[in-house]
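So that the names make sense, note that chain A is the first sequence line, chain B the second, and so on, each numbered from 1. FYI, side chains are in, hydrogens and waters are out, and symmetry mates aren't considered; it's all heavy atoms of this structure. Worth saying up front: this structure is predicted, and the values here are computed from it rather than measured.
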Amino acid sequence: MAKEKIRVRYAPSPTGHLHIGNARTALFNYLFARHNKGTLVLRIEDTDLARNVKGGSESQMENLHWLGIDWDEGPDKGGEYGPYRQSERKAIYNKYIKQLLDAGKAYYSYETEDELEAQREEQRAMGIAPHYTYEYEGMTAEEIKSSQVAAEAKGLKPVVRIYIPEMENYEWDDIVKGQLSFESDTIGGDFVIQKRDGMPTYNFAVVVDDHLMEITHVFRGDDHVSNTPKQLVVYEALGWQPPKFGHMTLIINADTGKKLSKRDESLLQFIEQYRDLGYLPEAMFNFITLLGWSPVGEKEIYNQREFIKQFDPKRLSKSPAAFDQKKLEWINNQYIKNADRDVLLDLALNNLQEAGLVEANPEPKQIEWVRQLVNIYAVQMSYTKQITDLAKIFFERPAALTDAEIAEIKKDEARPVITTFKDELAKRPRFTAVQAMQAIQATRQVTGVKGRKLFMPIRIAATRSMVGPGLGEAIELMGKETVMAHLDQTLAELTKAGL
RNA sequence: GACCCGUUGGUCAAGCGGUUAAGACACAGCCCUUUCACGGCUGUAACAUGGGUUCAAAUCCCGUACGGGUCACCA
């Protein structure tokens with residue numbers, strides 16, 4: 001018998017940009033689907049009309065693609081299980097809601113939100129779990145009917161609730177967490193499956209869709225563990241077979257130890273923000289995959305194909321993973337060092353333009369100049385935006401010398417070194433890194449100074465900084481005019497200081 | 001508060017009854033080097049806790065502590 005085709009889904013609600021946590025859920029579903037040569041479905045869960053953000057689903061899809069995640073069925077791709085937006089599936093849900101109503105497995109509920117809130121408040125005060133208590137307790141069918149008629153007469157609109165069987169145990173073998181079980185009385189009471197506005201609730205729509213779309217495995221966040229028994233109630237009421245569930249741990253903030261909250265601003269949480277800083281998609285993919293999942297070997301850097309080949313949900317961690325910014329930076333740096341230089345140039349140019357350091361429409365010559373800058377700094381950038389800071393000396397007017405710099409050029413040999421170097425440099429036919437290095441060698445010959453005592457004064461005088469890339473390259477990139485001006489300025493400062 | 005879940009160095013983690021308890025990030029030192037970085041080497045540092053079970057426990061069981069998740073007409 002042929003093994004059943006694996007079908008998984010990623011089901012975001014379009015309430016904003018792609019969040020790290022959601023990206024991770026999408027990623028693991030993607031890896032699982034590809035590893036098993038299965039199908040990945042993208043379904044948009046937009047049943048809360050009020051919270052839907054315009055362009056939200058497009059933004060999410062765009063960022064998913066950027067990360068290198070693609071899917072086989074979805075609102076943009078179609079497929080035989082569509083439509084793939086829940087807001088377009090209302091008729092489908094209604095059919096099953098009616099079925100449950102007719103079978104006496106669900107009922108109309110007229111209690112208002114205020115009444116329910118008061119009820120929960122009371123329960124909390126009593127120290128018991130807030131839950132819905134059956135509003136028709138002890139009533140006969142006749143009494144229920146007349147209560148509902150009375151409510152309608154008052155102009156109340158009902159919601160539909162599903163009956164939760166008493167004394168039942170809901171359990172499943174979670175792919176990540178193992179055996180899990182909930183007693184039916186801890187689920188929280190008969191829950192709403194259709195809201196007053198006629199839309200289904202999440203816990204109902206998910207079940208209908210997962211079943212109809214023939215989803216075989218559901219990988220989602222840990223925060224859905226307690227939704228699972230509710231969904232199991234729906235599966236049972238409808239007489240359907242549930243898929244396999246796997247609940248992945250949440251990503252937490254290392255400082256607070258709490259689940260990443262979208263409101264937490266101490267940390268960048270949206271894929272787009274990393275994208276803007278010049279993180280590479282392959283690096284993000286690599287980093288996120290290693291968050292809460294571990295491969296077999298000892299490597300840290302894997303490409304997508306290796307991840308797909310290796311992916312095994314059994315190796316998903318049971319305890320939450322903290323988001324380690326430093327590690328992300330390290331991983332991204334690994335990728336940057338090997339990245340295509342045109343890609344880096346493009347990103348860095350963008351960052352430099354946004355920082356106002358390079359004009360909007362640079363001449364080819366300037367682009368070439370930036371290319372060299374990127375080449376020089378690539379090894380040390382964690383993300384391309386850092387170039388705006390790393391390469392400061394190439395863009396800013398020199399500041400006054402720092403104490404440390406003064407200490408370096410205070411030495412007796414400094415002045416002759418700088419003067420000699422200036423003359424040597426001026427003599428050179430061309431202004432290149434090679435020529436600059438030759439000028440330095442000539443300076444060494446003339447003055448007899450070498451090592452740090454030779455290089456430091458020149459570096460400080462020429463680039464007005466103690467740190468930077470190789471001296472030759474730095475001088476070439478800085479340009480003759482600037483370097484000469486720096487040398488003159490430094491010499492003047494030395495004179496002024498009486499050195 | 002109730003219900004679920006978790007706990008190996010600062011962080012991510014390997015481990016599946018016998019290990020000198022991997023590896024990576026971070027941190028420190030050394031080497032390379034004109035500087036910073038890169039790279040190389042070395043080091044600091046962990047099984048939450050108390051009881052069992054067992055010849056043997058980070059690994060299995062129970063309790064405790066701590067942490068997290070959820071308790072909506074949000075997903």
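Only one option out of A/Arg220, A/Lys244, A/Arg43 pairs with A/Asp210 in a salt bridge (charged side-chain N to carboxylate O under 4.0 Å, His left out); it is A/Arg43.
Comparing B/C25 with B/U20, their C1' atoms sit 24 Å apart, to the nearest whole Å. Spacing of C1' atoms, B/A26 relative to B/A48, comes out at 23 Å, to the nearest Å. Taking atom P in both B/G15 and B/C60, one finds a spacing of 13 Å when rounded to whole Å. Taking atom C1' on both B/G51 and B/U11, the two are 32 Å apart, rounded to the nearest angstrom. Annotation: B/G18 and B/A24 have their C1' atoms spaced 27 Å apart (nearest Å). With C1' as the reference atom, B/C3 and B/G43 are 47 Å apart, rounded to whole Å. Look at the P atom in both B/G23 and B/C16: the space between them is 16 Å, to the nearest Å. Here, B/A21 and B/A45 have their C1' atoms 13 Å apart, quoted to the whole Å.
To the nearest angstrom, C1' of B/U70 lies 11 Å from CG of A/Asn203. The CD-P distance, from A/Glu111 to B/A72, rounds to 14 Å in whole Å. Atom CG of A/Leu390 is separated from atom P of B/U35 by 18 Å (rounded to the nearest Å). The interatomic distance linking A/Glu183 (CD) with B/C5 (C1') rounds to 16 Å, in whole Å. Atoms CD (A/Glu300) and P (B/A13) sit 11 Å apart, rounded to a whole Å. If you take CZ of A/Phe182 and P of B/G69, they are 15 Å apart, rounded to a whole angstrom. Between A/Asp174 atom CG and B/G6 atom C1' the separation is 13 Å, expressed in whole Å. Between A/Asp190 atom CG and B/A72 atom P the separation is 14 Å, expressed in whole Å.
Contact annotation for A/Lys337: backbone-only contact, meaning every heavy-atom pair under 4.0 Å involves sugar-phosphate atoms and none involves a base. Residue-level contact check: A/His247 touches neither bases nor backbone, having no heavy atom under 4.0 Å from any strand. Using a 4.0 Å heavy-atom criterion, one finds that A/Lys258 contacts the sugar-phosphate atoms exclusively. Within 4.0 Å (heavy atoms only), A/Val159 reaches at least one base atom of the nucleic acid. When heavy atoms are screened at a 4.0 angstrom cut-off, A/Asn333 is found touching no nucleic acid atom at all. Counting non-hydrogen atoms under 4.0 angstrom, A/Gly188 reaches nothing in the nucleic acid. The residue A/Gly292 sits close only to the backbone: its heavy atoms come under 4.0 Å of sugar-phosphate atoms, none of a base. Residue-level contact check: A/Thr47 touches the backbone only, with heavy atoms under 4.0 Å from sugar-phosphate atoms and none from bases. A/Lys259 comes within 4.0 angstrom of sugar-phosphate atoms only, judged by non-hydrogen atoms across all strands, and of no base. Nucleic acid contact for A/Ile460: none, since no nucleic acid atom lies under 4.0 Å from a heavy atom of the residue. Residue-level contact check: A/Ala254 touches neither bases nor backbone, having no heavy atom under 4.0 Å from any strand.
Residue A/Ala321 places its side chain closer to B/A13 than to any other of B/G6, B/A13, B/C74. In this structure, of B/A13, B/C5, B/A75, it is B/C5 that holds the atom nearest to the side chain of A/Leu180. Distance from the side chain of A/Val467 is smallest for B/C36 among the nucleotides B/A72, B/C36, B/A75. Side-chain atoms of A/Arg315 lie closest to B/A14 of the nucleotides B/A14, B/G6, B/C38. Comparing B/G1, B/A22, B/C74 against the side chain of A/Ala129 picks out B/G1 as the nearest. Of all nucleotides listed (B/U11, B/A75, B/G23), B/A75 comes nearest to the side chain of A/Arg51. Listed nucleotides B/G6, B/A75, B/C4 differ in distance to A/Pro320; the shortest reach to its side chain belongs to B/G6. Candidate nucleotides B/C5, B/C74, B/G69 were compared by shortest atom distance to the side chain of A/Thr201, and B/C74 ranks first.
The residues A/Glu329 and A/Lys326 are annotated as not salt-bridged, no charged nitrogen and carboxylate oxygen being separated by less than 4.0 angstrom. Between A/Glu405 and A/Arg464 there is no salt bridge, since no side-chain N of the basic residue sits under 4.0 Å from a carboxylate O of the acidic one. Salt-bridge formation is not detected for the pair A/Glu306/A/Lys309: no Lys NZ or Arg NE/NH1/NH2 atom is positioned less than 4.0 Å from an Asp or Glu carboxylate oxygen. Between A/Arg51 and A/Glu45, none of the side-chain N atoms (NZ, or NE/NH1/NH2) sits under 4.0 Å from a carboxylate O, so this pair counts as no salt bridge. A salt bridge between A/Arg161 and A/Glu111 is absent, with no side-chain N of the basic residue lying under 4.0 Å from a carboxylate O of the acidic one.
A/Tyr136 and A/Tyr134 have perpendicular rings, their planes meeting at more than 60° on a 0 to 90° scale where under 30° would count as parallel. Between A/Phe307 and A/Tyr302, the ring planes are tilted. Angles from 30° to 60° get that label.
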Take A/Lys327 and A/Glu300 through the salt bridge (charged side-chain N to carboxylate O under 4.0 Å, His left out) test and state the conclusion after the steps.
CA-CA 10 Å; A/Lys327 184 138 187 182; A/Glu300 300 286 327; 3.1 Å; yes

Could you walk me through whether A/Thr388 and A/Asn351 satisfy the side-chain hydrogen bond (donor to acceptor under 3.5 Å, both in side chains) test, starting with their C-alpha distance in whole Å, then the side-chain angles of each, then the deciding distance to 0.1 Å, before giving a yes or no?
CA-CA 7 Å; A/Thr388 59; A/Asn351 295 135; over 6 Å; no

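A donor N or O paired with an acceptor N or O is not found under 3.5 Å between the base of B/A75 and the side-chain atoms of A/Asp223.
Residues A/Lys299 and A/Arg124 each lie close to RNA chain B; by heavy-atom proximity, the contact nearer the 5' end of the strand is made by A/Lys299. With the nearest nucleotide of RNA chain B identified for both A/Ser181 and A/Glu45, A/Ser181 has the one nearer the 5' end.
The shortest side-chain heavy-atom distance between A/Glu493 and A/Ile409 does not fall under the 4.5 Å cut-off.
Of the side-chain N and O atoms in A/Lys195, one or more sit less than 4.0 angstrom from OP1 or OP2 of B/A75. Residue A/Arg120 places at least one side-chain N or O under 4.0 Å from the OP1 or OP2 atom of B/A72. Look at A/Thr186 and you won't find any side-chain N or O under 4.0 angstrom from OP1 or OP2 of B/A2.
The closest side-chain donor-acceptor pair between A/Asp209 and A/Tyr93 falls under 3.5 angstrom.
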Whenever both distances are under 3.5 Å in a Watson-Crick or G-U wobble pair, mark it; put RNA chain B into dot-bracket that way, with [ ] for crossing pairs and | when the partner is on another strand.
(((((((..(((.....[....))).(((((.......)))))....(((((..]....))))))))))))....

Between protein and nucleotides 26-34 of chain B, map the contacts as a letter string: B base, S sugar-phosphate only, - none, heavy atoms under 4.0 Å, written 5' to 3'.
S-------B

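By the 6.0 Å contact criterion, NZ on A/Lys177 is enclosed, its count of non-hydrogen atoms from other residues, nucleotides or ligands being greater than 12.
In this structure, A/Phe182 has its ring center no closer than 6.0 Å to that of A/Tyr170.
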